[in-house]
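Residue numbers begin at 1 in each chain, while the letters A, B, ... track the order of the sequences.
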Amino acid sequence: MQDSRPHPHDWNVSTDEAKRIQRRLASEVTERALPDGGETVAGIDVSVRDDTAQAAVSVLRLPELDVVDEATHRCEVPFPYVPGLLSFREMPAVLPALERLHSTPDVFVTDSHGAAHPRRFGLACHLGVLLDAPAIGVAKSILVGAPQGELGPEKGSRVPLVDDGETVGTVLRTRTDVNPVYVSVGHRCTLDGAADLMLDCSPRYKIPEPTRQAHKLSRAEG
DNA sequence: GCGACAG
DNA sequence: ATCTTGTCGC
């Protein structure tokens, strides 16, 4: 992936400014069909140790899920962890890592929420809008909303994640008898399409292979 | 005021 | 997220 725009965003902002930015950019999230065919999916994750963040991106090709590209970037964390403002903590480390890729992924997947967020603008949305590319959020726990109805125990089972009367995500069982993950729209995808793709990316583990690989890479030293 | 709260 | 050993189960 080649160099993106010079100053996509100023990350040194107050929490109030961050919330205003989220509310403004949330209106730019669009829903549309995901590209189909033998695509490449980039998993993104960030690990933090002693105020230093290491972002990692692992690009996998479907349907085999072979790793075809990787990149990392380390920097000081510029923002504390505040529920709802995760993107302001992790994006500064993620963007430089993306610029180091040798290819341009078709879809981006983050280990966080997209629209399943207080202002409907989680990290997956922020990434998708800044890159203007398809993005999906896959979190391991709920930030807002509640599962609608009971989720079946079988792999592939799914129920809506509803917040304030609005479907903001999908509770998806990627492994039989294992806790589900929470999928939500980041940008340029439909909720069902996102859940379908994440299921295709989880042939063996609960966590989709792209973010699973990125998680390992973010924890690796270097 | 109290509890909840992605990573 | 991170700090951490052993342990139950396929």
**Polar side chain donor-acceptor pair, A:Thr52 to A:Glu76, under 3.5 angstrom** = yes

**Request:** Using distance alone, with no hydrogens and no angle criterion, decide if A:Glu154 and A:Ser157 have a side-chain donor and acceptor under 3.5 Å apart.
**Result:** no

**Prompt:** Does atom CZ of A:Arg49 have more than 12 heavy-atom neighbours, drawn from other residues, nucleotides or ligands, at distances under 6.0 Å?
**Reply:** no

Protein-nucleotide distance ([X], atom [atom1]; [N], atom [atom2]), rounded to Å:
{"X": "A:Leu161", "N": "B:dA6", "atom1": "CG", "atom2": "P", "result": "13 Å"}
{"X": "A:Lys206", "N": "C:dC10", "atom1": "NZ", "atom2": "P", "result": "19 Å"}
{"X": "A:Arg49", "N": "C:dC3", "atom1": "CZ", "atom2": "P", "result": "8 Å"}
{"X": "A:Ile44", "N": "B:dA6", "atom1": "CD1", "atom2": "C1'", "result": "15 Å"}
{"X": "A:Leu85", "N": "B:dA6", "atom1": "CG", "atom2": "P", "result": "12 Å"}
{"X": "A:Arg204", "N": "C:dC10", "atom1": "CZ", "atom2": "C1'", "result": "11 Å"}
{"X": "A:Leu143", "N": "B:dA4", "atom1": "CG", "atom2": "C1'", "result": "9 Å"}
{"X": "A:Lys140", "N": "B:dA6", "atom1": "NZ", "atom2": "P", "result": "10 Å"}

Heavy atoms under 4.0 Å, any strand shown: does [X] hit a base, just sugar-phosphate, or nothing?
{"X": "A:Thr110", "answer": "nothing"}
{"X": "A:Leu123", "answer": "base"}
{"X": "A:Gly137", "answer": "nothing"}

**Message:** Can you see if the side chain of A:His215 gets near the phosphate of B:dG7 - specifically, an N or O under 4.0 Å from OP1 or OP2?
**Reply:** no

**Prompt:** If you measure from the ring centre of A:Tyr81 to the centre of the six-membered ring in the base of B:dG7, is it under 5.5 Å, with the planes under 30° apart?
**Reply:** yes

**Item:** Which nucleotide in B:dA6, C:dA1, C:dT2 has an atom nearest any side-chain atom of A:Arg219
**Value:** C:dT2

**Item:** Trace of the ring-ring contact (aromatic ring centres under 6.0 Å, His included) decision for A:Phe108 with A:His187
**Value:** CA-CA 9 Å; A:Phe108 294 84; A:His187 189 46; over 10 Å; no

**Prompt:** Between A:Arg120 (side chain) and A:His117 (backbone), is there a donor-acceptor pair under 3.5 Å?
**Reply:** yes

